[in-house]
A.B. asks: 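Got a structure for you, written out below as structure tokens; questions coming shortly.
What you see is a predicted model; the values in this text were computed from it and never measured. Below, chain A is the first sequence line, B the second, and so on; all start at residue 1.
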2 protein chains.
Amino acid sequence: MQSFTEENYLKIIYHLSVISNPVQTNAIAERIQTKAASVTDMIKKLSEKELVNYVKYQGVTLTEKGKLTAINIVRRHRLWEVFLVEKLNFKWDQVHEVAEELEHIKSILLVERLDEFLEFPKVDPHGDPIPDQYGNFADLSFLKLSKLKTNEKGTITGVSEHSSPFLKHLEKLGLTLGKRIEVSEIIDFDGSVELLIEDRKINISKEVAKHILISK
Amino acid sequence: MQSFTEENYLKIIYHLSVISNPVQTNAIAERIQTKAASVTDMIKKLSEKELVNYVKYQGVTLTEKGKLTAINIVRRHRLWEVFLVEKLNFKWDQVHEVAEELEHIKSILLVERLDEFLEFPKVDPHGDPIPDQYGNFADLSFLKLSKLKTNEKGTITGVSEHSSPFLKHLEKLGLTLGKRIEVSEIIDFDGSVELLIEDRKINISKEVAKHILISK
DNA sequence: ATTATTTTTTAGATTTGTCTAAATTAAAAA
DNA sequence: TTTTTAATTTAGACAAATCTAAAAAATAAT
């Protein structure tokens, strides 16, 4: 059984692994709002418990055991987010901090019953996939355009916002279903995205990119 | 803002206050599964924060501030118990440990929305009253017979178990609505209760006593 | 290839909540 | 009232998770 703090480290390492593997001490320190020295201490502890592979000065990777634990935390976090939005009428921007606490409640029965109560949701309110109890993610054939990295390509397969003004905006830009796009640049300053579509270059805000669903 | 541990102490002190006031160090130690020395340490800390009144060797009482905090924890605990039983189909005997964790999640919005979602329940699955956000308990005109102390009297005003075998059992014993009873003795060994009813003496199990509702 | 810079680690201290063992106070018994 | 017993507190230590400051290693720059 892991402590609250250990679980937090595992979760952060899991998320950072997607971006770069192995994960650096400083990256963890920044995300967890602590000092690099503290991270080193905790990593040693997690390494002794065989939850991470640790080589001095080389950063960490999760072991199978650590990864499974991390995915389970992510599962709990996202299920609670669904609960908060769908049952308690939270706004999507209000759920994160609360889910951050709820995710650490251990009862297996609680999580399975919650999953059932929510009718086995496959994605959380932000469109992120919810793994099952064995750590498997449903193979969602789409992901948000905002999750693509520079030079990645994809086909527009849906939207997650159905308001008329939004759809009209996409139409004007030529961003309609079935169109093939490539991310040519992500602007650091505001997170906006430069796209290549039919040899034209267009720019869309981060907000818009979040609501466009892509399959590769 | 209090820590998880501080909250637990306040909650336990609150519950023990009902039985004896001020509350003794040893009583807290036993309930919280720790040593008397640790309790003394924590009490000093709570006293500095003006959550309890503490006089050396005399035990503790809650201050207004401490009492309000404690009642709020009780509120959260009982609301979560209702949620677990009514929405997630937990059995009444499965809820306590989980609610023990859930009660420490701080978000005020969460608790108010949960209350609303559950349609403002007045009692938890065990019949214990749920205070409102200001710490006021609905003046329930009944309480469980099992909560009466020796020599206390009351009138039977309801039951919290409606199965046919149970009701037949009560009828046979003469324990019907409107009857006046007095607790003559509580047997330590099994928690069973000896009652005086219409000058007869009868004995009922703790289980049965729990499901009989009384008004004084 | 050396030097400079950044990143990471070590060493030692701090805080929170706990513990044991000994000392103190209060309560009960003689 | 004195003695015995029980409850409580103090003193000092410990584990978890953190910190600062200094040392060591890796990376980047010249």
A.B. asks: Between P on C/dT16 and CG on B/Asn8, what's the gap in Å once rounded to a whole number?
C.D. replies: 18 Å
A.B. asks: How long is the line joining NZ of B/Lys35 and P of C/dT16, in whole Å?
C.D. replies: 23 Å
A.B. asks: Can you tell me if B/Arg75 uses its side chain to pair, donor with acceptor, with the backbone of B/Gly135 under 3.5 Å?
C.D. replies: no
A.B. asks: Specify the separation, in whole Å, of atom CD1 of B/Ile32 and atom P of C/dC19.
C.D. replies: 11 Å
A.B. asks: Can you tell me if B/Thr34 touches the phosphate of C/dT18, counting only side-chain N or O atoms and a distance under 4.0 Å to OP1 or OP2?
C.D. replies: no
A.B. asks: Does C/dT16 have OP1 or OP2 sitting under 4.0 Å from an N or O in the side chain of B/Thr5?
C.D. replies: no
A.B. asks: So, the side chain of A/Arg31 versus the backbone of A/Ile12: is there a donor-acceptor pair under 3.5 Å, distance only?
C.D. replies: no
A.B. asks: For residues 46-57 of chain A, which residue pairs pass the salt bridge (Lys or Arg N to Asp or Glu O under 4.0 Å) check, not counting sequence neighbours?
C.D. replies: A/Glu6-A/Lys49
A.B. asks: Parallel, tilted or perpendicular for B/His104 and B/Phe4, by the 30°/60° rule?
C.D. replies: tilted
A.B. asks: For the pair A/Ser38 (side chain) and A/Thr34 (backbone), establish whether a donor and an acceptor sit closer than 3.5 Å, ignoring hydrogens and angles.
C.D. replies: no
A.B. asks: Within the pair A/Ser3 and D/dA16, is there a side-chain N or O less than 4.0 Å away from OP1 or OP2?
C.D. replies: no
A.B. asks: Along nucleotides 6-11 of chain C, 5' to 3', which nucleotides get a B, which get an S, and which get a -, given that the test is a protein heavy-atom distance under 4.0 Å?
C.D. replies: -SBBB-
A.B. asks: Please name all residues satisfying ring-ring contact (aromatic ring centres under 6.0 Å, His included) with B/Tyr9, sequence neighbours left out, ordered by chain then number.
C.D. replies: none
